[in-house]
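Report on one structure; see the data block that follows.
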Amino acid sequence: MSAAPLRLVGEPLVERPPLDSFGVREAARVLVIGLVLGGSLLAGLGRHGARKLLRASDSSWQEAAAEATVDAFERLGPLFVKLGQLIASSSGAFPPALSAACLRCLDRVRPFPAAEARRIVGADLGRPVDELFRSFDDAPLSAASVAQVHACVLPDGREAVLKVQRPGIARRMIVDLRAALRTARLLQRFSHAARVANAVGVVHDLYEATVGELNFLVEAENQRRIRADLGAFGDNGGVMVPEVYSAHCGPRVLCMERVRGVPLDRFDVTAAHPDPELLIRRLVKVWLEGVTVHGIFHGDVHAGNLWLLDDGRLALLDFGIVGRMTAPWRQLVRNMFHASAFDGDFTPVATSLRELDLFPDQSSDDAAIGSQLAMVLGPILSGELAELDLKTVTGLMLDFGTDSGMSGPQQLILMGKQLGYFERYAVTLAPDWRLGTDLFLLQNVFPDEVAAALAERGATLPA
């Protein structure tokens, strides 16, 4: 399906608002960003105490600077809150103090008035809320950086929830992205670290994700697709995706079936579920099938998007960010897991990397490269997930992109972000679990190999 266009104030109706546009609003925003970040850092360090900060043995200035940075993110708005969420969920790639401080960005934010929500719903769907629904709860169930959620009942009596986009959020986030692009270009001119990290590429990737996330018709299609894929093999009954009610969806409004449960970040899962390890294994199985078989996977599996339902199932929510894998990328990941789980041969991984132009060294043959990859990736994939060396994995991914002159293998980087979430869950839910050798995860990826391995061991898989 084609994405419905976004309309920004003062700009024509377009499919994709141009990122390179830069005018008075963007220039003013760059100035505001600089002032807010600088002011927050000065205020935060001042509150902490200059004398304490100057002590050579005291590293607490890093914590003070991190807390001040998050203060600035919260003042600057949704795009920066999302940046904080990225940092919080990718602890291996950022300073520990900053990652810890950014956990605040995962918390609830203030809702906007119900009258605004009703206005947006009416404008998107063409009729007043009272004509569209049997009932509509003005008090939101939850509020986040981009949207808030209201309970409602459809005319036929089905219970539903309505996700309503914050007013003016599209214009604000696009302006912020334009300001960020200009800042990133400036940084890359003068900073080697910014060039290595490909700051401009990061902004472009964030733009791609944002344009899709701000159009709820795109999110609705993502959710329908992943819900259909979930049932493809008939063995994922422990995980669900809510049904989308298309007749009540628009570019800023998403309607779906209501589920009842609790987000995983709101309670002690180990006390609430009889087998928390099986819970995360079911989640990763579904996610990995999306990566390796279906070609689309959930790209934001933080705990707020995962609910333990009252009936014991796990629900996947919020499909504004998804990863898409073409056939060559799917084959690369399949080769990685085949080597890890079955034969230890990483030569096909090297071949896939070369075919994707991600390995620049043309002098070495694939077998030699495979041996090197086995030394690095083998222990990571076959080790305990709770001890996953994400910093090494992330570094390898970025190195591939940097060495080949590309903007980075973004499919793998988005995968790495989700592995970061799984790592955090595994620390408490499944500390001894080994992702790369778990046949339960791979039964629909390599059915023949898994069946042979189980027969040889005389083993069975959990339901």
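This is a predicted model, so every value here is computed, not measured.
At least one side-chain heavy atom of V239 sits less than 4.5 Å from a side-chain heavy atom of L316. Side-chain contact check for D137 versus C152: every heavy-atom pair is 4.5 Å or farther apart. Using a 4.5 Å cut-off on side-chain heavy atoms (C-beta onward), L181 and V200 make contact. Taking the side chain as every heavy atom from C-beta outward, V301 and N305 never approach each other to under 4.5 Å. Between P155 and R134 the shortest side-chain heavy-atom distance does not fall below 4.5 Å. F346 places none of its side-chain heavy atoms less than 4.5 Å from the side chain of T351. Residues R225 and F319 are not in side-chain contact: their nearest non-hydrogen atoms beyond the backbone lie 4.5 Å or more apart. For the pair R330 and N335, the minimum side-chain heavy-atom distance is 4.5 Å or more.
Under a 3.5 Å cut-off, the side chain of T292 and the backbone N or O of L288 do form a donor-acceptor pair. Put simply, the side chain of E257 gets close to the backbone of E243: a donor and an acceptor are under 3.5 Å apart. Side-chain N or O atoms of D176 include none that pairs as donor or acceptor with a backbone N or O of L79 at under 3.5 Å.
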**Q.** salt bridge (charged side-chain N to carboxylate O under 4.0 Å, His left out) evaluation trace for D20 with R185
**A.** CA-CA 11 Å; D20 284 325; R185 285 173 174 167; 2.8 Å; yes
Q) Passes side-chain contact (heavy atoms from CB on, under 4.5 Å), L214 versus M173? Steps please. A) CA-CA 9 Å; L214 289 173; M173 292 185 77; 4.0 Å; yes
Q) Between F297 and V286, does a side-chain contact (heavy atoms from CB on, under 4.5 Å) hold up when you go through it step by step? A) CA-CA 9 Å; F297 62 92; V286 166; over 6 Å; no
Q: List the steps, then state whether side-chain contact (heavy atoms from CB on, under 4.5 Å) holds for L162 with V149.
A: CA-CA 5 Å; L162 205 63; V149 177; over 6 Å; no
Q. When you look at V253 and Q165, which way does the side-chain contact (heavy atoms from CB on, under 4.5 Å) test go after all the steps?
A. CA-CA 7 Å; V253 177; Q165 191 173 118; over 6 Å; no
**Q.** Full working for side chain to side chain donor-acceptor pair (under 3.5 Å) between S352 and R334
**A.** CA-CA 10 Å; S352 291; R334 288 166 60 90; over 6 Å; no
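Ion pairing between D138 and R118 holds under the 4.0 Å rule for side-chain N and carboxylate O. K163 and E219 are joined by a salt bridge, as a carboxylate oxygen and a charged side-chain nitrogen come within less than 4.0 angstrom of each other. Looking at E289 and K285, a side-chain N of the basic residue comes within less than 4.0 Å of a carboxylate O on the acidic one, giving a salt bridge. Using a 4.0 Å cut-off between charged side-chain N and carboxylate O, R119 and D124 make no salt bridge.
Ring pair F133/H248 is tilted by interplanar angle, where 30° to 60° counts as tilted. Between F73 and F80, the two ring planes are tilted [angle within 30° to 60°].
Here the options are V121, V161, L154, V244, the test is side chain to side chain contact (heavy atoms under 4.5 Å, CB included), and the partner is C255; only L154 passes. Just one residue in the list R227, E213, H298, R324 forms a side-chain hydrogen bond (donor to acceptor under 3.5 Å, both in side chains) with N222, and that residue is R324.
When every heavy atom of A139 is checked against every heavy atom of H150, the shortest pair comes out as C-ND1, 4.2 Å. Shown here for A117 and Q148, the closest heavy-atom pair between the two residues is CB-NE2, 4.4 Å. Contact detail for R75 and S40: the closest heavy-atom pair is NH1-OG, 2.8 Å. What you find for F422 and I280 is that their closest heavy atoms are O-CD1, 3.8 Å. R178 approaches S21 most closely through the heavy-atom pair CD-O, 3.2 Å. For the residue pair W307 and P263, the shortest heavy atom distance occurs at NE1-CG, 3.4 Å.
Annotation: the span from L42 atom CG to L37 atom CG amounts to 11.0 Å, rounded to 0.5 Å. Taken from CZ in F136 to CG in D130, the straight-line distance is 9.5 Å, to the nearest 0.5 Å. Here the CD atom belonging to Q223 is positioned 6.0 Å from the CG atom belonging to L254, to the nearest 0.5 angstrom. Taking CG from L125 and CZ from R252, the interatomic distance works out to 9.5 Å, rounded to the nearest 0.5 Å. Here the NE2 atom belonging to H302 is positioned 8.0 Å from the CD1 atom belonging to I321, to the nearest 0.5 angstrom. Between L31 atom CG and E26 atom CD the span is 13.5 Å, to the nearest 0.5 Å.
Geometrically, R166 does not engage F112 in a cation-pi contact, judged by NZ or CZ lying under 6.0 Å from the ring centre and within 45° of the ring axis.
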